[in-house]
Amino acid sequence: MHRSSLTGIVGIFACLVALFVCDTAQARPIEVDAGHWRLELQGVDVIDPSGSDGDFYVSGSVEYEMPTALDHLNFGLRAYPLFVYGGDDNTYAVAAGFTLRCYQHAVTRDGFYAEIGSGPIWLSRELEGNSSRVNFLSELGLGYKFPDKPWSLSLKYQHISNAGLSDNNKGVNAISFGVGYTF
């Protein structure tokens with residue numbers, strides 16, 4: 001299956017899940033003070049079929065997540081101070097961006113959730129087939145936040161590329177498993 005087809009299928013699936021989870025959303029004012037912090041550690045396996053087999057990366061993120069005008073939908077500002085891409089040579093990176101997360105339970109912000117996120121990422125060296133150290137990290141995922149507990153688990157599809165801003169733009173596609181802690 002071609003990479004863009006897989007991305008489209010994953011995107012459609014995530015949108016359908018988000019619509020299902022958010023179908024009872026009610027409007028209310030934005031409550032920035034009602035936000036919370038979220039830490040997440042991810043192990044990521046590169047699934048690129050064109051020769052990056054065995055590549056992996058680990059990342060750690062910190063995010064401030066706050067409710068939006070829709071009950072189930074939260075907006076987050078996320079930073080990745082820890083990002084190590086292992087392969088032939090280790091590559092270090094930092095990233096920042098945003099997330100939108102739609103929870104099953106609006107008030108308690110727990111249960112199943114769907115999320116989407118994106119932002120620029122700076123790499124310590126160019127990835128193979130990519131002629132830029134500035135790229136973009138895009139994520140699409142599903143997760144579960146345990147009720148009455150600060151822990152969550154997530155499964156995400158991730159894509160890193162320079163969005164065609166440089167001559168060579170071989171992207172990296174990956175699947176991640178994350179463990180989060182909310183406080």
Side-chain angles (χ1 to χ4, degrees), residues 1 3 5-18 20-21 36-65 72-105 108-121 123 127-128 135-161 170-183:
M1 180 179 290
R3 189 179 326 168
S5 299
L6 179 62
T7 303
I9 290 168
V10 170
I12 290 169
F13 177 73
C15 289
L16 290 173
V17 170
F20 174 77
V21 172
H36 60 268
W37 290 96
R38 175 185 173 93
L39 302 174
E40 187 173 62
L41 185 62
Q42 296 179 15
V44 187
D45 184 29
V46 174
I47 57 171
D48 187 18
S50 61
S52 295
D53 293 336
D55 282 4
F56 64 92
Y57 55 94
V58 294
S59 66
S61 66
V62 59
E63 175 183 334
Y64 186 72
E65 180 181 19
H72 294 264
L73 190 65
N74 283 15
F75 174 77
L77 296 173
R78 180 182 282 178
Y80 288 90
L82 168 68
F83 196 100
V84 181
Y85 188 101
D88 296 333
D89 296 316
N90 283 341
T91 302
Y92 304 96
V94 293
F98 73 92
T99 58
L100 287 174
R101 193 170 289 113
C102 187
Y103 287 97
Q104 180 181 10
H105 303 119
T108 56
R109 289 181 266 190
D110 60 17
F112 290 100
Y113 62 84
E115 73 175 74
I116 187 168
S118 187
I121 182 170
L123 301 155
L127 298 175
E128 182 181 337
N135 286 269
F136 297 91
L137 170 64
S138 301
E139 301 177 303
L140 202 57
L142 299 172
Y144 185 78
K145 165 77 172 60
F146 293 94
D148 301 321
K149 299 202 180 343
W151 298 100
S152 62
L153 300 174
S154 66
L155 184 64
K156 300 178 190 176
Y157 169 78
Q158 297 182 330
H159 177 75
I160 298 173
S161 74
K170 179 183 171 197
V172 172
N173 297 305
I175 298 291
S176 76
F177 176 74
V179 176
Y181 182 81
T182 302
F183 58 100

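Note that this is a predicted model, so its numbers are computed, not measured.
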**OP:** Determine, step by step, whether I121 and N135 satisfy the side chain to side chain contact (heavy atoms under 4.5 Å, CB included) criterion, reporting the C-alpha distance in whole Å, the side-chain angles of both residues, the deciding distance to 0.1 Å, and the verdict.
**Re:** CA-CA 5 Å; I121 182 170; N135 286 269; 3.7 Å; yes
Original post:
How close do A174 and V44 get, heavy atom to heavy atom, and via which atoms?
Top reply: CB-CG1, 3.3 Å
Subject >> From H72 atom NE2 to C102 atom SG, the distance as rounded to the nearest 0.5 Å >> reply: 7.0 Å
**OP:** Tell me, please, which residues at least two apart from R78 pass salt bridge (charged side-chain N to carboxylate O under 4.0 Å, His left out).
**Re:** E63, E115, E139
Subject >> From K149 atom NZ to Y181 atom OH, the distance as rounded to the nearest 0.5 Å >> reply: 12.0 Å
Subject >> Distance (rounded to the nearest 0.5 Å) between L73 CG and Y103 OH >> reply: 10.5 Å
**OP:** State which residues pass side-chain contact (heavy atoms from CB on, under 4.5 Å) with L82; sequence neighbours excluded, sorted by chain then number.
**Re:** L41, V84
**OP:** Report the distance from atom CG of L77 to atom OG1 of T99, rounding to the nearest 0.5 Å.
**Re:** 7.5 Å
Subject >> Gap separating the CD atom of E65 from the OG1 atom of T182, nearest 0.5 angstrom >> reply: 7.0 Å
**OP:** Mind checking side-chain contact (heavy atoms from CB on, under 4.5 Å) for L39 and listing every partner two or more places apart, or none if nothing turns up?
**Re:** V62, F183
Original post:
Which residues pass the ring pair (Phe, Tyr, Trp, His ring centres under 6.0 Å) test with F177, sequence neighbours left out?
Top reply: none
**OP:** Might you point out which heavy atoms bring Q42 and S176 nearest each other, and give the distance in Å?
**Re:** OE1-OG, 3.5 Å
Original post:
Can you check whether R38 reaches S152 side chain to side chain, under 4.5 Å on heavy atoms?
Top reply: yes
Subject >> Minimum heavy-atom distance between G171 and H159, given as atom pair plus value >> reply: CA-CE1, 3.9 Å
**OP:** Take L155 and L142 through the test side chain to side chain contact (heavy atoms under 4.5 Å, CB included) and record every step on the way to the result.
**Re:** CA-CA 6 Å; L155 184 64; L142 299 172; 5.6 Å; no
Original post:
By side-chain contact (heavy atoms from CB on, under 4.5 Å), which residues pair with F136, not counting sequence neighbours?
Top reply: P120, A163, L165
Original post:
For Y57, which residues count as a ring pair (Phe, Tyr, Trp, His ring centres under 6.0 Å) partner, sequence neighbours excluded?
Top reply: F83, Y85
**OP:** With the side chain counted from C-beta on, respond yes when I175 and Y157 share a heavy-atom pair under 4.5 Å apart, and no when they do not.
**Re:** yes
Original post:
side chain to side chain contact (heavy atoms under 4.5 Å, CB included) between E40 and K156: does it pass, once the steps are laid out?
Top reply: CA-CA 12 Å; E40 187 173 62; K156 300 178 190 176; 2.7 Å; yes
Original post:
Which atom names give the shortest non-hydrogen contact between P81 and S61, and what distance separates them?
Top reply: CD-CA, 4.3 Å
Original post:
Do the side chains of L137 and Q158 get nearer than 4.5 Å, heavy atoms only?
Top reply: yes
**OP:** Check step by step if side chain to side chain contact (heavy atoms under 4.5 Å, CB included) holds for L100 and F75.
**Re:** CA-CA 5 Å; L100 287 174; F75 174 77; 3.8 Å; yes
Subject >> Close side-chain approach of V179 and L153, heavy atoms under 4.5 Å >> reply: yes
Subject >> Test item: Q104 side-chain N/O and F112 main-chain N/O as donor-acceptor pair under 3.5 Å >> reply: yes
